[in-house]
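Written below as structure tokens is the structure these notes are about.
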There are 2 protein chains.
Amino acid sequence: MIPNTNELHPGLSIDCVIFGFHENELKVLLLKPKNDDCWALPGGFVKTDQDVDTEAVRVLKNRTGLDDIFLKQFYLFGNVSRNKAGHVDKMIENGMIDESLREWFSQRFVTIGYYALVEYSQVKSPTPDDVSEDCQWKPLHDLPELWLDHYEILKRAHHDLKKALNDQPIGLNLLPELFSMPELQALYETVLEKELDRRNFRRKMLAYDILIQTDERRTGGAHKPPILYKFDKEKYHKAIENGLQSAW
Amino acid sequence: MIPNTNELHPGLSIDCVIFGFHENELKVLLLKPKNDDCWALPGGFVKTDQDVDTEAVRVLKNRTGLDDIFLKQFYLFGNVSRNKAGHVDKMIENGMIDESLREWFSQRFVTIGYYALVEYSQVKSPTPDDVSEDCQWKPLHDLPELWLDHYEILKRAHHDLKKALNDQPIGLNLLPELFSMPELQALYETVLEKELDRRNFRRKMLAYDILIQTDERRTGGAHKPPILYKFDKEKYHKAIENGLQSAW
DNA sequence: CCAAAAGTGTTCTACCTACACCCATGG
DNA sequence: CCATGGGTGTAGGTAGAACACTTTTGG
């Protein structure tokens, strides 16, 4: 529910690009606003007595039930053009918001983009917010039409995520607790949108020294069962803080 | 002057960390608010009919007279704690702002951090804004006490700039048109806060393929005069767009 | 026993590191 | 002529790219 607008920071919103990884595809959690053909990024407003980061965590928690998740503020979208004329009228017509909120929604808004990486299977039931009728994972490469500038926000989130891989590992919170090297590689290939050499990938990843090899193997395939690994969380977080490689 | 507050985006400000390079030091352009001991980052507000980036460019232009400069949005500072109680009272007491603006300034503010890299010598006369009595370059490593969370903003700008060097060249807009390799190296060493090997630096920088060697040399020193280079602007900008190195 | 996919090792190359020598200038 | 700092080259090590063979499972 939209809280009393008096308690909200005017003209400021949050949009979260929530990435999940499933069936070798990157998926994004999207909302279907009521009576609208477009889909939208989960978002929200900022209470004036709350940190912006806190509010982003709240949005994530409300949609996915998850907290304690990697969540990164990546950009503030502040162009005037993102506020489309007629857009509020439509929301009122569609019954998404009440007439009384017309003024609040008619302000010029800037929005803070966050992206999150979550484990697909842990999101038991994606939950729509009160202005939406549905909440679903959509494949990054087969997206429905999106609201306003949400496609641009999503693209930039993915672009920033790709770049971040040069300096950070990913996988924690995006893969199950135990995973095989080929599964981790599939994640990287999906995010990067390119194929990688199996052997070189393994060597490089092991050199990061953030993996712990377990005794278990993933059986069931008609082939040699892969070793399962888990992340050394302490080293993983250190790697994120210190950066993985630097030219200087 | 502060425009009519009705035209301004409420609770939203811009702060610019303007870096200059002079006498082998990184300097930052700071403002001295009237009747206050602290110094502050140049900043401003966002007109509701202007893009946020546009407003940041305007701030830079007003303080330095420069435009067409590398200006990067690096973070939105959105913690509640940055709004200190009593801080508006003090501004009114000091005559920085009029009593009539009390309400406007008492809102909770979030601020968008930008950093800029400018050529020190091109800023003929740093210009204070109307709530400040002075505008000066201050050495990054000998800063006066700063307003509110401006020190935190500055630190983060520098940190982001350092990281950016792994993926981008710097120097254009920060050095004169013509510069020697040792001068460029001094810039890198200053930003990175570490010493680099002369020969390896040269090789690496030339490998970036963004420099044009000129026939001129910098004379005057009691030693072999260094060759002067300039940036190949087209290649320089391409390097910024495409990134200099990537792990994947 | 065969197909499928996983685990391992080697060679070649490119780049980074560390270092030493010569060169041009001003004083 | 000498002190100062700039230009150049090279040997050794490390890391990435390309690539082939062996291993283990299910069917």
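For the numbers below, each heavy atom of this structure counts, side chains included, while hydrogens, waters and symmetry mates do not. Proteins come first, then strands; the chains are lettered A, B, ... in the order of their sequence lines, and each starts at number 1.
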Return a single string for nucleotides 19-27 of chain C, one symbol per nucleotide in 5' to 3' order, where B is base contact, S is sugar-phosphate-only contact and - is none, cutoff 4.0 angstrom on heavy atoms. BB--BBBS-
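- Residue L196(B) contributes atom CG, which lies 13 Å from atom C1' of dC16(C) at whole-angstrom precision.
- For Y115(B), the ring-ring contact (aromatic ring centres under 6.0 Å, His included) test picks out F74(B), with sequence neighbours left out.
- Under a 3.5 Å cut-off, the side chain of Y188(B) and the backbone N or O of I170(B) do form a donor-acceptor pair.
- Using a 4.0 Å cut-off between charged side-chain N and carboxylate O, E133(B) and K32(B) make a salt bridge.
- A salt bridge links E55(A) to R58(A): one of the charged nitrogens lies within less than 4.0 Å of a carboxylate oxygen.
- In K204(A), the NZ atom is crowded: over 12 heavy atoms of neighbouring residues, nucleotides or ligands sit closer than 6.0 Å.
- Rounded to a whole Å, the CG atom of L184(A) is 15 Å from the C1' atom of dA6(C).
- One atom, CG of L244(A), and another, P of dA15(D), lie 14 Å apart when rounded to the nearest Å.
- Between the CD atom of Q213(A) and the C1' atom of dA6(C) there is a distance of 13 Å, rounded to whole Å.
- Between the CD atom of Q245(B) and the P atom of dA17(D) there is a distance of 12 Å, given to the nearest Å.
- By the 6.0 Å and 45° rule, K163(A) does not stack over the aromatic ring of W248(B).
- More than 12 non-hydrogen atoms from other residues, nucleotides or ligands lie less than 6.0 angstrom from OH of Y120(B).
- E234(B) has a carboxylate O that lies under 4.0 Å from a charged side-chain N of K238(B), or vice versa, which qualifies the two as a salt bridge.
- Summarising the geometry, the separation between CG on L206(A) and C1' on dT14(D) is reported as 17 Å, rounded to the nearest angstrom.
- One finds a salt bridge joining E193(B) and K162(B) here, because a Lys/Arg side-chain nitrogen approaches an Asp/Glu carboxylate oxygen to under 4.0 Å.
- In this structure, CD1 of I227(B) is placed 10 Å from C1' of dT8(D), rounded to the nearest angstrom.
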Give me, pair by pair, the N or O atoms of the protein and of nucleotides 12-14 of chain C that are less than 3.5 Å apart, along with how far apart they are.
none

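- Separating the OH atom of Y208(B) from the C1' atom of dC16(C) is a distance of 12 Å, rounded to the nearest angstrom.
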